[in-house]
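Encoded as structure tokens, the structure appears first; notes follow it.
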Amino acid sequence: MPDPRILAHVDTLRLAVKQPFNFRYTLWKPSHFATGLEQHSADTSWRTFRVGELLTGVVMAMEDADTLRAEVYADGAWQEADRDRLTARLTHSYGLDEDISAFVAQAEQVPPMREPLAALAGMRQSCPENLFEIAIISLLLQNATVARTTQMMTNLLDHYGRVVEFDGVTLKAFFTPEEIVGVDEATFRERDRLGYRAKYIGRFAEFFATHDPDVADHADKAELMREFQTIKGVGPYTAAIIASHAVRDPSALGLDVWNRKLLAKRFLGVDDAEADVVMAEMTRLFPGYEGLAGLYVIEDAYRAQAVVELIE
DNA sequence: ATCCAGGTTCACA
DNA sequence: TGTGAACATGGA
């Protein structure tokens with residue numbers, strides 16, 4: 001691990017949030033595996049972002065009920081355009097301006113959803129990763145245990161990512177597509193232990209080296225998604241993860257062995273069921289919000305035993 | 001040991 | 001269109 005790059009404080013952002021908004025469960029998800037890219041306490045979150053050429057670290061907390069304050073640290077000159085870009089990234093990553101009241105009204109009518117809704121009130125989808133980054137994560141999740149996914153993620157970040165220090169914390173930062181586009185398949189296989197995924201990851205990097213993974217415009221993003229799904233290694237699950245997380249489509253639900261069982265238990269009362277049966281039930285109960293409904297169930301299941309606990 | 005993970009591709013009906 | 005094996009690796 002290289003010495004951390006020291007980031008300097010460059011800005012303070014104050015971002016309006018739409019109610020109902022749950023700061024803690026929006027920025028920190030109890031089910032998410034350890035990446036070293038972020039850290040959370042009861043009332044504060046630290047996270048790194050790549051913003052254009054810059055490495056940034058952000059410290060987030062609520063200033064008042066309607067305002068999220070973000071202290072920004074960076075490794076170089078901070079311009080107006082960088083501020084705009086990070087503002088858009090944060091707003092989009094955490095859905096700060098989304099109105100989830102229609103979903104809440106609908107879900108309150110479904111008895112098994114009452115407990116998750118009460119415990120996680122105001123939670124939204126979170127995706128601090130851009131399109132490239134979430135694509136990498138979903139690739140690593142394919143047909144692997146979380147332990148192995150974490151191992152592969154650690155290898156990639158330690159070999160190609162960065163380490164930064166800001167506000168007294170040390171965190172990893174993601175690599176960009178350009179930073180891994182020259183790495184060959186054998187290296188991904190042997191050094192990073194990616195297994196058969198080694199033959200796909202380079203395609204992801206090539207694609208996003210020529211297609212901006214930070215595009216904010218929704219129409220462009222939909223077009224990007226269509227193209228992305230032609231890449232080998234991107235199937236229905238990976239595409240749905242991106243649609244649900246990065247594109248923030250509340251109806252997109254990527255069913256895998258893990259959440260399929262959790263949802264079958266909660267809504268069908270059985271230990272497991274066929275994916276299309278689970279999906280049909282989610283659509284019957286939560287038309288238009290299948291993914292967001294699934295998120296509430298999954299995070300509720302991990303609430304008492306988080307994969308990565310809050311720090312003091 | 002053998003199985004199978006927070007899937008996808010490819011071959012062959 | 002649909003089904004089944006192969007794919008890498010490592011923990012249970």
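Quick note: numbers below take in every heavy atom, side chains included, and nothing from hydrogens, waters or symmetry partners. Lettering follows sequence order; numbering is per chain, from 1.
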| request: Might you work through the salt bridge (Lys or Arg N to Asp or Glu O under 4.0 Å) test for Arg303(A) and Glu299(A), ending with a clear yes or no? | output: CA-CA 6 Å; Arg303(A) 197 160 47 81; Glu299(A) 297 311 329; over 6 Å; no
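The residues Arg5(A) and Asp75(A) are annotated as salt-bridged, a charged nitrogen and a carboxylate oxygen being separated by less than 4.0 angstrom. In summary, Asp214(A) and Arg85(A) engage in a salt bridge, as defined by a charged side-chain N under 4.0 Å from a carboxylate O.
Residue-level contact check: Ser31(A) touches the bases, meaning some heavy atom is under 4.0 Å from a base atom. Counting non-hydrogen atoms under 4.0 angstrom, Phe33(A) reaches nothing in the nucleic acid.
Rounded to whole Å, the P atom of dG2(C) lies 27 Å from the corresponding atom of dG6(B). One P atom belongs to dA8(C), the other to dA11(B), and the distance between them is 15 Å to the nearest Å.
When only modelled atom types and interatomic distance are considered, Ser251(A) and Glu290(A) share no side-chain donor-acceptor pair under 3.5 Å. Using modelled atom types and a 3.5 Å distance limit, the side chains of Tyr160(A) and Asp192(A) yield a donor-acceptor pair.
Phosphate contact (OP1/OP2 of dG10(C), side-chain N/O of Thr145(A), threshold under 4.0 Å): absent.
Contact of the Leu90(A) side chain with the Leu13(A) side chain is registered, since non-hydrogen atoms from C-beta on lie closer than 4.5 Å.
Remark: Glu108(A) pairs with no residue by the salt bridge (charged side-chain N to carboxylate O under 4.0 Å, His left out) rule, at least two apart or across chains.
For residues 221-233 of chain A, proximity to DNA chain B is found at Ile231(A), Lys232(A), Gly233(A), defined as any non-hydrogen atom under 4.0 angstrom from a strand atom. A heavy atom lying under 4.0 Å from DNA chain B marks the following residues of residues 246-277 of chain A, by number: Asp256(A), Val257(A), Trp258(A).
Atoms CE (Met152(A)) and C1' (dG7(B)) sit 11 Å apart, rounded to a whole Å. Residue Leu141(A) contributes atom CG, which lies 16 Å from atom C1' of dC4(B) at whole-angstrom precision. In this structure, Leu140(A) places its CG atom 14 Å from P of dG10(C), rounding to the nearest Å.
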For nucleotides 1-8 of chain C, 5' to 3', base contacts (B), sugar-phosphate-only contacts (S) and non-contacts (-) with protein non-hydrogen atoms under 4.0 Å give ------SB
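The salt bridge (Lys or Arg N to Asp or Glu O under 4.0 Å) test with Asp158(A) is passed by exactly one of Arg193(A), Lys172(A), Arg191(A): Lys172(A). Checking Val110(A), Asp300(A), Ile298(A) one by one against Arg266(A), the side chain to side chain contact (heavy atoms under 4.5 Å, CB included) holds for a single residue, Asp300(A).
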Result block: side-chain N/O donor-acceptor pairs under 3.5 angstrom for residues 135-147 of chain A, not counting sequence neighbours:
from      : atom 1 : to        : atom 2 : distance (Å)
Ser138(A) : OG     : Ile134(A) : O      : 3.0
Ser138(A) : OG     : Ala135(A) : O      : 3.1
Gln142(A) : NE2    : Gly233(A) : O      : 3.0
Gln142(A) : NE2    : Thr238(A) : OG1    : 2.8
Thr145(A) : OG1    : Arg148(A) : N      : 3.3

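When each of Val234(A) and Val307(A) is assigned the nucleotide of DNA chain B with its nearest heavy atom, Val307(A) is the one assigned upstream, toward the 5' end.
The salt bridge (charged side-chain N to carboxylate O under 4.0 Å, His left out) pairs that include a residue from residues 39-63 of chain A are Arg14(A)-Glu63(A), Glu38(A)-Arg47(A), Arg47(A)-Glu129(A), Arg50(A)-Glu179(A), Glu63(A)-Arg69(A), where partners are two or more places apart or lie in different chains.
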